[in-house]
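The structure under discussion appears below in the form of C-alpha cells.
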There are 2 protein chains.
Amino acid sequence: MKILWVFAHPEQCSLNGSLMAEGLRTLTGLGHEHRVSDLYAMGWKPVVDGEDFGDGAHERLFVGREQERAYRERQLSRDIRAEQEKIAWADTLVFQFPLWWFGPPAILKGWFDRVLVQGFGFGVEGPDGRTLRYGDGGLAGKRALIVTSVGARESGFGPRGIHGSMEEVLFPLLHGTFWYTGMAALPPFVVYGADRLTEAGFSRTTAALRERLRTLDTTEPLPFRHENGGEYDEHLVLRPDIAPDLTGVAAHRARDGEIPPGPREHERAGALAGSRTR
Amino acid sequence: MKILWVFAHPEQCSLNGSLMAEGLRTLTGLGHEHRVSDLYAMGWKPVVDGEDFGDGAHERLFVGREQERAYRERQLSRDIRAEQEKIAWADTLVFQFPLWWFGPPAILKGWFDRVLVQGFGFGVEGPDGRTLRYGDGGLAGKRALIVTSVGARESGFGPRGIHGSMEEVLFPLLHGTFWYTGMAALPPFVVYGADRLTEAGFSRTTAALRERLRTLDTTEPLPFRHENGGEYDEHLVLRPDIAPDLTGVAAHRARDGEIPPGPREHERAGALAGSRTR
C-alpha cells in the first residue's frame, strides 16, 4: 500500500508526534510505502488567496472558478501541486490532528481548502455527464482515516454524550470531504482523555493504532450512501422509502444490516428493469 | 447593541462583501454600534504556534496549557488580545464566511483556535467550582449569528438533503463553539445557490438579511440544552428520560414544544426538592 500521512500538530515532542512515529514505523514494518506532509514543519500556508493561482489572477477573485482554471492550466502554486501529486500517488490518506473546536486545526482546514480544488478533488463528470460526488469522484478508490486526540472523556462523545457522537461531529470531514470526493471514510481512530494519558494508556493506544494500521485495507468503511446509488432524488433529497424515520446527518449512513446500493448496482438494476419492460 | 462582525472572505468585491456592506449600513441605521474584524484585510495569522505565547514559550509546547498561562499572564500576542478585547466589548458576534468543505475557511477556523483560549472563552469556573460550559461560561450573555453562503441548492441542506441538514453540519460551530463558550447560537442566515444568484435573488437576500439584523436581539436562539441544567449525568451523557429516542447531534437540541431547563431553573428545582425533603 501507499500511504500519505498528513500531520497537523505544532509540536513533534507530543503525544501526537509519538503516535505518528509509531504509526510510520508500523507501516514500514508491514511493507507499505509512506510519504508525510507535516504541515507545521513545512510551514504550510493555510489561507486561500490570489497567490494560489499563478499568472491568471483577475481583478475580482472568484475562488472556485479560479481554483478550477488554475488546476486545468497547471497554474496552481507549487505547494498545492506537490500535495495533489502525493494524493494521486497514495491509495490511503491518514489525517492526524488534535481536535480543536470540534474540527481540524486551521492549518489542516487550509490544506483541504487549497488542495481539493474543483476538477481534482471534485466536480469531475462521469461518462453520462453526471457530476461524480459522494462515493464517486476525483479521489474514488482511495481510503481515508482520521487519527485524532481530544482532552475529553469518551462518554461525552458517545451516542448521547454532550459533545455529539464523534462520527456526527466529524461529519463535515468524513462525509462532506472524504466521501464527497469519492474516498471511503474509515471509522476514525480517536484518543480520548489525551491530556491525562498514563503510561499504560499510551501502550494501549499505540497497540490499538498498530492494529488499525495492520487492518487498513480490510477495515469496513462507514456505510455512507452513494449520491448516484438511487437513494436520492433529483433534488438530492433522500427518497421517502429510505430510512423514512431519519432526518439530519444520521440519515446518510446505512444502519446495521442495511446495505446501501453502490452506483454500479443501481445502474445494473436500472438496466435489468429496462430489459424487463422491453 | 454592540456588534462585532467577523468577516472571512478573500474578496471584498463579492456577494459576501456586498452583504457585509449592506449589513453594516443596516446596523448603523438601527442605531447600533459595530466593529469589524476583516480577517483577510487584517492579514490574520490563522496558525497556533509558539509565537502566540510571548516570552514564556517552553521547549515542548503544550498548546492548551500555554494558551491559558499566556492569557492569565497577559502574554498572548497583541493580535489575539485585540480580538479578545473586541469580543469583551460586543454583546453580539456575527461570523460571515463562504462555507468551504462544510465549515469555515481556515483563516476563520484559526481565529477560533487562537482567540478562544482557556480562561477567556472556556474553562471558567462557577462559584460552586463547576466548569461553566454549554450555555454558560466565558462568553455567556452574548449572542452569535452565522451568515454564510453556499453554491448548492437549499434542498440538499434540508432535513433529508444529501449534505446533511445545515444546522447539524454547523454543529461544531453552533453547539461546539458558540454554545460551549456560553453564547446563544442564533439560527444561521444562509444564502443558497450563491454562485447563481440573480439580481432579484440578491434583492430578496439583502431584504432578508436586514430583517434578521433588525430582530437580532429578539430572535429565539437554537434551544440547545444546558450542561448544568440537570439533563446530563456526571459522565456528560443525556439522562435516559430526556429525548429517549434520540442519539447523535440531534439529541442536544430541544424539540418543538420542549423547553429545556436553564441552569438557574435547575438549581431552583433542586433547592425546592431539598426544602421538600427537609
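Proteins get letters first, then strands, A, B, ... in listed order; numbering begins at 1 in each.
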Contact class of [X] relative to chain B, heavy atoms under 4.5 angstrom:
| X | value |
| --- | --- |
| F122(A) | side chain |
| F157(A) | neither |
| R114(A) | neither |
| F171(A) | side chain |
| H163(A) | both |
| L15(A) | backbone |
| L170(A) | neither |

| task | Taking side chain to side chain contact (heavy atoms under 4.5 Å, CB included) as the test, write out the residues that go with E227(A), two or more places apart. | result |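 Here the qualifying residues are R133(A), Y134(A), L236(A), I162(B).
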
| Verdict with reasoning, F95(B) to F112(B), per ring pair (Phe, Tyr, Trp, His ring centres under 6.0 Å) | CA-CA 11 Å; F95(B) 295 96; F112(B) 294 115; 5.0 Å; yes

Is [X] salt-bridged to [Y], going by a charged N under 4.0 Å from an acidic O?
| X | Y | value |
| --- | --- | --- |
| R225(B) | E231(B) | yes |
| E68(A) | R65(A) | no |
| R130(A) | D136(A) | no |
| D52(A) | K45(A) | yes |

Residue among [options] with most heavy-atom pairs under 4.5 Å to chain B:
| options | value |
| --- | --- |
| V63(A), D113(A), I242(A), D49(A) | D113(A) |
| A250(A), P172(A), G158(A) | P172(A) |
| V237(A), L173(A), D233(A) | V237(A) |
| V47(A), D195(A), L39(A) | V47(A) |
| S165(A), S155(A), A243(A) | S155(A) |

When only pairs under 4.5 Å are counted, which of [options] shares the most heavy-atom pairs with chain A?
| options | value |
| --- | --- |
| G64(B), P244(B), P98(B) | P244(B) |
| G164(B), G151(B), A251(B), A152(B) | G164(B) |
| W44(B), W100(B), F62(B), Y180(B) | W100(B) |

| request: Enumerate by number any residue of residues 104-111 of chain B whose heavy atoms lie under 4.5 Å from heavy atoms of chain A; in the absence of such residues, state 'none'. | output: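 From residues 104-111 of chain B, the residues near chain A are P104(B), P105(B), A106(B), I107(B), K109(B), G110(B).
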
| query | Quick one: CE on M20(A) to CG on N16(A), what's the gap to the nearest 0.5 Å? | reply |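 M20(A) CE to N16(A) CG: 9.0 Å, rounded to 0.5 Å.
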
| said: So, taking the atom named CD in E83(B) and the one named OG in S77(B), what distance separates them when rounded to the nearest 0.5 Å? | reply: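 E83(B) CD to S77(B) OG: 10.5 Å, rounded to 0.5 Å.
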
| query | Do the ring planes of H175(B) and H252(B) sit parallel (below 30°), tilted (30 to 60°) or perpendicular (above 60°)? | reply |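 Judged by the thresholds at 30° and 60°, the geometry between H175(B) and H252(B) is tilted.
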
| Do V48(A) and Y40(B) have side-chain heavy atoms sitting under 4.5 Å apart? |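 Yes, at least one pair of side-chain atoms sits under 4.5 Å.
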
| Sub-4.5 Å side-chain heavy-atom contact between F202(A) and S18(A) |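 Touching, per the 4.5 Å side-chain cut-off.
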
| Atom CD of E51(A) with >12 non-hydrogen neighbours under 6.0 angstrom |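 No - once you tally the heavy atoms of other residues, nucleotides and ligands closer than 6.0 Å, there are 12 at most.
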
| message | We want to know whether Q12(A) and D38(A) form a side-chain donor-acceptor pair, criterion being a heavy-atom distance below 3.5 angstrom. | response |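 Yes, side-chain donor-acceptor contact under 3.5 Å.
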
